[in-house]
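Structure record follows, encoded as structure tokens.
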Amino acid sequence: MNNWRKELHKHRLIKTLSSIRITVTCLALLFILTFWGTVAQIDQGLYAAQERFFFSWFFLAGGFFPFPGAKLVLWIFFINLVCVSLVRFVFDRRHLGITIIHMGLLSYFVAAFVTFYVTVESHVTLLEGAGTNVSQAYRDWELSVWEGDDQKRNVTAVDASSFAPGKTFQVNDLSIEVENYYHNAKAYTSPSDSTEAVNQSGIKSLAKIPSDKESEKNVPGGIFTISGKSVSVHVLLFGGEATAQPLKIDGKTIHVQLRHKNFQLPFLVKLKSFEMDMHPGTQIAKSYRSMVTFEHDGLTREVTIWMNHPLRFKEYTLYQASYSIDQWGREHSTLAVVKNAGRLMPYVASFITFSGLVTHFLLMGLSSRKKHV
Amino acid sequence: MKKLFFLSLLIALSGCEKTTPVHHYQEIVIEPASGDPHAGLDLSAMHLPAQQQTNDPAMQQMLQNSAVKAPIAWDTPTGWQALPGEGMRLVTFNSEGKDPVSCTIVSLGGMAGGLDENINRWAKQIHIDLNEKKSQGLTLTAQTIELSGGMALSLIDFTQLQAQDEASTDSMIAAILNLEDISTIFIKMTGAKEAVIANREKFLSLCHSLRLDHE
């Protein structure tokens, strides 16, 4: 055993963290969390259950009993495996395969962490002939502010997850104060007793309603005070509104809108044409595809995106997700946009694990041959 | 001390995903070419699966963004509650009391199918066979109502075709207002026949209150 490993062995904390009891406890907790989280999706919905059971450090079981979330358990499990690798493994040639396999398993953890922290999922929904360079979140919202109404807009957006009554945000020369904000709201054209606010759709009041278990169905609303140098305006914004609210502040026309969070893409995608094939004699789609014009850095190319044939560009992947036909008979195509800087990491982890297995079986084969000789 | 280090590490990692709430980006919006070659297609006759039409949140958002914003205003009839619309639906009214009806004002681009096509489509929605009614001597005529500003709308009252039907039969009174070169406005009240008849005056008062909104 190397000297540094002997030293590590003496280290009380490392020794404790490399305990097999921690491994077994983590595995048992992961089993419970996976089962519990899966069953809870029936009542709480997919996203809420994922947030509670898998993406949290702790949650309150039954409303009072703190229970570790999968995020905490996985971190402890990861630290435990690292400590085990450092303390327990005997690094000799005979166990080289086993060591590589464990490195592969640890790589899966790293890949999972990277994916969890850097992956952004969004979508682009386009009508034939339309194009955009932004994708929209499925659940998150933002308050977008821009000046003018040109084809190119410089948008400043405030993340709605940070909204709370009394909070103020500085957006360019404007100050935006949140008077009221509801994560899920209903809008009414009958006025309430509270302050009157500007709204172009004729909405006069908002009422808070319970959050839907399918969080993408929640439509937020709020009342904001937008102040410039010379004027303050109370504005009522509702997520269900189709267009932005124009406001004249300090001689400038600005637009504000409460809408799904937007992500700027490093390219422009335009839906040239959408086609679908039907099953013979039915109106059921057999396959559908989007012919898009892809523009980046002044270069344009035409790409067809269809099932299992996504468009990949750097860390972005655009999949054909769904399509719709509105009552005018116009076709809309929805492309899922996944930004994942670590998308190759699971493949690398699989390769390391596979190499470990091959190495281990080769070494075993060689050693048994030597014994027979 | 070491335990404290690990605890600090965990807390630091938990804060990794928090970012500043204000961000900037440049948005490019390319609208499709104007003109809608598909306007007025009767999709109910195409038997498209329901999930292809409305339940995709992305689709709903897209529809909202692509709807025609009609420059009209109206007064909510007394006793009706107005709910904000979304997409092409400008507003939804729900009546209060024992005769519930639902009324919507919808704005569509262009001619949106014309009067006859829309009458046929609506008749199908409330299960009226216009040919059968015709053979019974019942025909539907659109009534013209003059509005302020020189506008005129066509009123179609399906209750007059349902004289022999039960009071609980689905019925409808609808109106079409064509705003030249901008959009076509559909005002549609649906409910049980009895309720539709009871709310007819309120529907007419809503139609008469329609005006161009110059703001």
Side-chain angles (χ1 to χ4, degrees), chain A residues 13 57 72 75 79 117 123 125-134 136 138 146 151-159 161-162 169-171 186-190 201-203 216-217 238 240-243 260 262-264 268 270 283-285 321-330 332 334, chain B residues 2-3 6 10 13-14 16-17 19-33 36-44 46-49 51-54 56-67 69 73 76 81-88 90-91 108-110 112 215:
Chain A
L13 183 66
W57 296 105
L72 177 65
W75 267 110
I79 292 165
Y117 283 109
H123 69 90
T125 297
L126 294 170
L127 181 66
E128 278 183 342
T132 187
N133 72 328
V134 292
Q136 286 194 316
Y138 290 99
W146 66 90
Q151 197 186 53
K152 261 188 190 176
R153 302 162 179 171
N154 288 316
V155 182
T156 302
V158 187
D159 202 329
S161 62
S162 53
F169 301 91
Q170 198 61 37
V171 174
K186 259 198 170 175
Y188 295 96
T189 46
S190 46
S201 312
I203 300 171
E216 62 270 22
K217 288 188 178 168
F238 180 57
E241 289 180 90
T243 48
H260 275 113
N262 278 237
F263 303 99
Q264 188 171 350
L268 190 134
K270 190 175 170 186
Q283 290 291 342
I284 299 165
S322 60
Y323 74 95
S324 311
I325 299 173
D326 63 25
Q327 72 176 83
W328 300 294
R330 300 182 305 183
H332 303 250
T334 298
Chain B
K2 265 132 199 165
K3 280 178 190 169
F6 273 92
L10 277 178
L13 285 167
S14 70
C16 279
E17 62 213 277
T19 50
T20 169
V22 180
H23 63 284
H24 308 269
Y25 56 87
Q26 190 180 63
E27 182 182 9
I28 301 171
V29 182
I30 300 173
E31 301 286 354
D36 177 18
H38 301 294
L41 279 185
D42 185 358
L43 290 188
S44 60
M46 286 170 69
H47 304 296
L48 287 168
Q51 71 272 16
Q52 290 172 17
Q53 295 184 38
T54 56
D56 181 354
M59 173 61 211
Q60 286 166 356
Q61 189 67 38
M62 185 66 214
L63 280 177
Q64 284 173 14
N65 294 340
S66 64
K69 178 93 180 118
T76 305
Q81 193 194 16
L83 301 171
E86 52 181 347
M88 65 277 184
L90 304 176
V91 65
L108 299 183
E215 284 178 11

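Sequence lines set the chain letters: A, B, ... in the order given, protein chains first and strands last, and positions in each chain run from 1.
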ask   = Would you say Arg153(A) and Val29(B) make side-chain contact, with heavy atoms under 4.5 Å?
value =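 Yes, close enough: below the 4.5 Å cut-off.
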task = Please look at Val155(A) and chain B and tell me whether the side chain, the backbone, both or neither of the residue comes under 4.5 angstrom of a heavy atom of that chain.
result =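 It is both, since atoms from each part get that close.
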task = Considering only heavy atoms and a distance below 4.5 Å, find which of Asn133(A), Thr156(A), Leu268(A), Thr132(A) pairs most often with chain B.
result =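 The option with the most such pairs is Asn133(A).
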task = For Phe169(A), enumerate each residue passing the ring-ring contact (aromatic ring centres under 6.0 Å, His included) test, keeping only those at least two apart in sequence or located in another chain.
result =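 For Phe169(A) the ring-ring contact (aromatic ring centres under 6.0 Å, His included) partners, ignoring immediate neighbours, are Phe163(A).
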Side chain to side chain contact (heavy atoms under 4.5 Å, CB included) against Gln26(B), all qualifying residues, sequence neighbours excluded =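 Scan of Gln26(B) (side chain to side chain contact (heavy atoms under 4.5 Å, CB included), adjacent residues dropped) gives Lys152(A), Asn154(A), Gln264(A).
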